[in-house]
Every structure is written in C-alpha cells, then in structure tokens.
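Please read the structure below before turning to the comments.
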Amino acid sequence: MDVAYLHHTKCIFNPAYSSTHYRPISVLSRVSLFNSRDDKNNVRRSLRRASSSDTLVSGKTSLTVASKKDSEFEEEEDLKSWMHKNGLPPCKVVIKERKAYDSRHPSIHYVAASEDLQAGDTVFSVPNSLVVTLERVLGNETIAELLTTNKLSELACLALYLMYEKKQGKESVWYPYIKELDRQRGRGQLAVESPLLWSESELNYLTGSPVKAEVLERAEGIRKEYNELDTVWFMAGSLFQQYPFDIPTEAFSFEIFKQAFVAVQSCVVHLQKVSLARRFALVPLGPPLLTYRSNCKAMLTAVDGAVQLVVDRPYIAGQSIVVWCGPQPNSKLLINYGFVDEDNSYDRLVVEAALNTEDPQYQDKRLVNVGKERETVLDMLPYMRLGYVSDPSEMQSVLSSQGPVCPVSSCMEHAVLDQLATYFRERLSGYPTTLSEDEAMLADCDIDPKKRVATQLIRCEKKILSRCLQATVDLINQLPDASTSPCPVPYAPLLR
C-alpha cells in the first residue's frame with residue numbers, strides 16, 4: 001500500500017506501507033498475576049487492611065492544599081496562586097477568561113501576557129515539583145517504561161492517575177489543577193471538545209471526511225486501553241494501599257475513563273531530550289490554557305529542574321500566549337485538541353495508491369519500484385503510470401518519467417490523469433455540502449460550536465481536494481493532444 005499526502009496544492013507521494021514532592025501511584029511490588037477475580041478481590045481486601053507501616057509509598061507531600069478551615073480562601077484561590085504557593089517563581093503571565101460559544105458551558109480560561117513582552121523573553125518556568133510525568137506518578141522509571149511499551153499508553157496511565165486523585169476531592173494535592181482541567185472539560189481554543197466525545201448525530205457533521213472513521217478507530221483504541229487498565233494494578237500493587245478504591249475497571253466506567261483520557265490528551269506536552277518516562281508531561285499553565293498555533297516556534301522545553309516557555313514574538317499585556325502544536329494536520333488538531341487552524345501549513349489529506357494485485361505483472365512492477373522511494377516521494381505520477389503499462393521494457397522508463405508528458409503513450413497519460421481527476425471529484429462529491437454552503441454556515445454566528453469546527457475542517461479538506469483537482473486538470477490540458485481519449489487498462493492502480 002502506498003500513500004500520497006496532499007498538502008494544499010502539492011501531492012507528496014510516499015510509497016510503501018523520585019521525588020518526595022509527589023505521591024506516586026505505586027512502586028514495584030511483589031504482586032503476581034491472578035487467574036480469577038476472587039484472587040484479585042482477596043488481595044485488594046488485604047491491601048485495604050494494611051497498616052500505615054506496611055505502606056510502600058508514603059502519602060506525605062510537600063505540596064500545599066488549603067485546610068478545611070481555609071475553605072473560604074480555597075474557593076477563591078486560582079490555579080496560578082496555588083502554583084506560586086508551591087514553588088512557581090514570579091512569571092510574566094496571567095490567567096484570563098473568555099466566553100464559550102455555547103452559553104451552557106463555563107467560560108474558557110487562557111494564559112495571557114501580564115506585561116508587554118519581547119521575543120526571547122522567558123514568561124514562566126514551572127518547577128518539576130508541579131509537573132506530572134509517569135516517572136513522578138509511578139515512582140519508578142523502569143516500571144513507567146515497562147507499562148508504556150506493553151499495552152498501555154502514557155495518556156492512559158496519566159488519565160488513571162488523575163482519576164484516582166479526583167476521587168480524593170479536596171484532599172488531593174492536585175485538587176486546584178484537577179479543578180481547572182474539569183472546568184476546561186477537554187475543550188480547545190474554540191471551546192469544543194474532541195470529536196471523541198461527540199454524539200453519533202454530532203459525528204455526522206464530519207460526513208465525507210476521513211476524520212469520522214479516524215475518530216471511531218481512535219475510540220476503539222481507547223476502549224482496548226481501558227480493558228488493560230488493571231495491568232497497572234497487577235504491576236503496581238501499592239496503588240490500592242494509598243487509594244482505598246476498587247481496581248480501575250471496577251472503580252471507573254469506560255465513559256468516565258474516555259472523558260479523562262480526552263482531557264489529558266488535550267493538555268499533555270511532549271517534552272524533547274528527556275527520558276521515556278518524562279516525555280509526556282502535564283504542565284499547569286500549559287495547554288489547554290496556552291493557545292496552539294501551527295505557525296509558531298515557541299515550545300515548552302525541559303530545563304534543569306523545570307519546564308519553561310520562551311516566547312517567539314512580541315506581545316502586548318493581555319494578549320493570549322501561543323505555542324507550537326507540532327507538525328500536525330488539522331485532522332489531528334481536531335481529534336487531539338478540538339480545534340482547526342485554517343492557516344495550517346502542515347494540513348494534508350492522504351491518498352492511498354496500490355498496484356492491482358490481480359495484475360499478472362504485479363510482482364515485476366513491485367520489484368521495479370524497490371529502492372525508488374526517495375525518487376518518487378515528490379511525485380505520484382510515475383507510480384501511477386507504472387500500474388498502466390503492460391510491456392516490461394516500459395516499466396523503468398515510466399517510473400523515471402516526470403511531468404505531464406509520458407514518453408510511452410499520450411492516451412495512457414490521459415488515462416492516469418483522468419483516474420486522478422475522477423478520484424478527486426468523487427472525494428468532493430462525498431461531502432453533503434458545497435464549499436459555498438460551508439462559507440454560509442460559518443458566517444452564521446449562531447451555528448453550533450461542534451458544527452462550526454467540523455465545517456472548518458471539511459472546508460479545509462475540500463480546498464485541498466479542489467486545488468489538487470485543478471492541478472490535475474491543468475496537467476491534462478498540457479498534454480500534446482488533449483482530445484485523445486484515455487486508453488483502457490485492465491489493471492489500473494487502486495486509489496483510496
């Protein structure tokens with residue numbers, strides 16, 4: 001299977017298919033795998049009866065949480081105040097809020113400049129004692145790496161940790177941070193949740209887009225991770241000595257886990273040049289409070305003992321701070337963070353092109369293409385032409401040919417381009433609306449927020465497909481004899 005990435009007007013073809021500041025969930029313990037639910041329940045009851053002297057991981061922490069006597073103050077204390085109380089140095093940002101599109105939901109909080117800033121300014125430096133990573137959560141880098149290289153992702157482990165911490169309410173050291181995450185509800189800058197949390201009828205906003213299938217596939221992957229959550233219990237028995245709750249799949253329903261997973265997904269930061277157990281981090285003051293942009297160079301980076309942000313542009317006081325979201329297409333931005341960047345230079349659609357396996361010359365054509373990945377990555381036409389030839393002597397020549405004119409046959413070239421044009425037209429016809437109808441919907445201020453972001457995504461996809469269709473038609477018009485009919489071929493390449 002071969003894949004072509006459509007970046008705006010260009011088709012790019014790619015052939016071939018232990019710190020004491022934290023209370024960790026657990027450390028390595030002498031717990032074996034059990035064959036029955038009764039065995040697990042017996043051990044769980046034993047763990048609950050364990051005395052404090054038997055506890056492998058101390059519940060003590062240096063993070064400050066207001067006492068019950070301070071409940072009135074605690075209600076007024078925001079995330080940033082809590083962070084300053086627990087080691088955040090003076091910084092150059094404030095937390096502000098703006099109204100959500102949907103009046104039924106609370107306003108969106110965001111990080112803004114507290115003063116005028118210049119490019120190169122360090123706006124905050126969050127100490128590691130306020131950063132949640134698997135190394136911190138699990139208390140052991142080895143078990144952290146073991147878990148995430150087995151069947152559980154970093155996101156699943158972090159979500160499970162915060163779910164147990166939330167069960168402790170105001171007794172949790174992370175209560176102010178969890179409260180902020182709950183307020184944000186996994187919403188992106190457009191105040192929209194990831195499509196992973198949309199209803200079936202809301203997913204229909206994405207009809208015609210390949211993102212709809214991606215959402216369903218990702219949801220199934222989350223369910224598989226949910227079914228593996230008890231692995232944490234098996235591998236880290238001390239979890240239940242500090243959390244007097246049931247094992248994960250008994251304590252939390254799938255829907256609750258999915259909500260937590262999506263919330264963590266929307267705010268996790270991928271740190272560079274750190275160990276595997278620290279690469280995914282939850283950073284208060286980071287996303288979703290920071291605004292993601294695809295044309296930004298500023299990133300949260302790990303430095304000695306902290307995670308800091310250095311801005312890449314000037315800001316005036318009160319302006320929202322933006323950071324780079326990585327080279328992600330809009331499909332990933334919507335699924336991961338609930339927004340679409342219409343100025344995204346990394347946006348793309350995927351076209352799968354495969355030689356027809358029923359072609360008697362299938363193996364010969366595959367061998368011709370071996371080792372040609374670099375040469376064909378910038379142009380999918382040579383590979384398309386390869387599927388049309390039947391003369392072995394022509395295979396090498398069509399693979400090395402470039403541009404709209406094929407040295408073998410004008411009618412064959414017309415057939416290749418006609419197949420591409422037909423494919424793009426069919427993709428466009430799969431959407432229930434036209435571009436002009438999309439524009440009209442987006443001009444409506446009262447449009448449903450989820451429908452708005454879905455329409456933005458679909459509009460971007462249609463623009464890519466339309467430009468690629470136009471480029472293909474232009475190539476047809478450049479043929480020496482555009483009136484030549486496409487020649488028939490029994491084993492044309494398959495496009496998906």
Practice problem: Using the side chain to side chain donor-acceptor pair (under 3.5 Å) rule, take Q328 and S294 through it: C-alpha gap first, then chi angles, then the decisive distance, then the call. | Solution: CA-CA 8 Å; Q328 302 185 66; S294 60; over 6 Å; no
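- For W174 and Y161, the side-chain atoms include at least one donor-acceptor pair closer than 3.5 Å.
- The structure places OG of S266 at 11.0 Å from CZ of F339, a figure rounded to the nearest 0.5 Å.
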Note to self: Run F257 and F252 through ring-ring contact (aromatic ring centres under 6.0 Å, His included) and show every step you take.
What the structure shows: CA-CA 6 Å; F257 171 71; F252 309 105; 8.6 Å; no
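- Below 30°, between 30° and 60°, or above 60°: for F254 and Y226 the angle between ring planes is above 60°, a perpendicular geometry.
- Between the S429 side chain and the E426 main chain, a donor and an acceptor come within less than 3.5 Å of each other.
- In summary, R293 and D341 do not engage in a salt bridge, as defined by a charged side-chain N under 4.0 Å from a carboxylate O.
- A donor-acceptor pair under 3.5 Å is absent between the side-chain atoms of N330 and the main chain of L333, judged by distance alone.
- Side-chain atoms of Q308 do not come within 3.5 Å of backbone N or O of T122 as any donor-acceptor pair.
- Between the side chain of S172 and the backbone N or O of Q168, no donor-acceptor pair lies under 3.5 Å.
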Which pairs of donor and acceptor atoms, one on a side chain in residues 297-305, lie under 3.5 Å apart (sequence neighbours left out)?
none

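- Taken from CD in E202 to NZ in K450, the straight-line distance is 3.5 Å, to the nearest 0.5 Å.
- Atom NZ of residue K462 and atom OG1 of residue T455 lie 8.0 Å apart, to the nearest 0.5 angstrom.
- T433 and D438 share a side-chain donor-acceptor pair at under 3.5 Å.
- Remark: the E461 side chain and the Y431 side chain contain an N/O donor-acceptor pair separated by less than 3.5 Å.
- Looking only at distances, a side-chain donor or acceptor of D121 sits under 3.5 Å from a matching main-chain atom of Q118.
- In this structure, the side chain of N86 engages the main chain of W82 through a donor-acceptor pair within 3.5 Å.
- Ion pairing of D182 with K166 is present here, as a side-chain N (NZ or NE/NH1/NH2) and a carboxylate O approach within less than 4.0 Å.
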Just list the side-chain donor-acceptor pairs under 3.5 Å for residues 211-218, sequence neighbours left out, or say none.
from, atom 1, to, atom 2, distance (Å)
K212, NZ, N204, OD1, 2.9
R218, NH1, Q265, OE1, 2.7
R218, NH1, N336, OD1, 3.2
R218, NH2, N336, OD1, 3.3

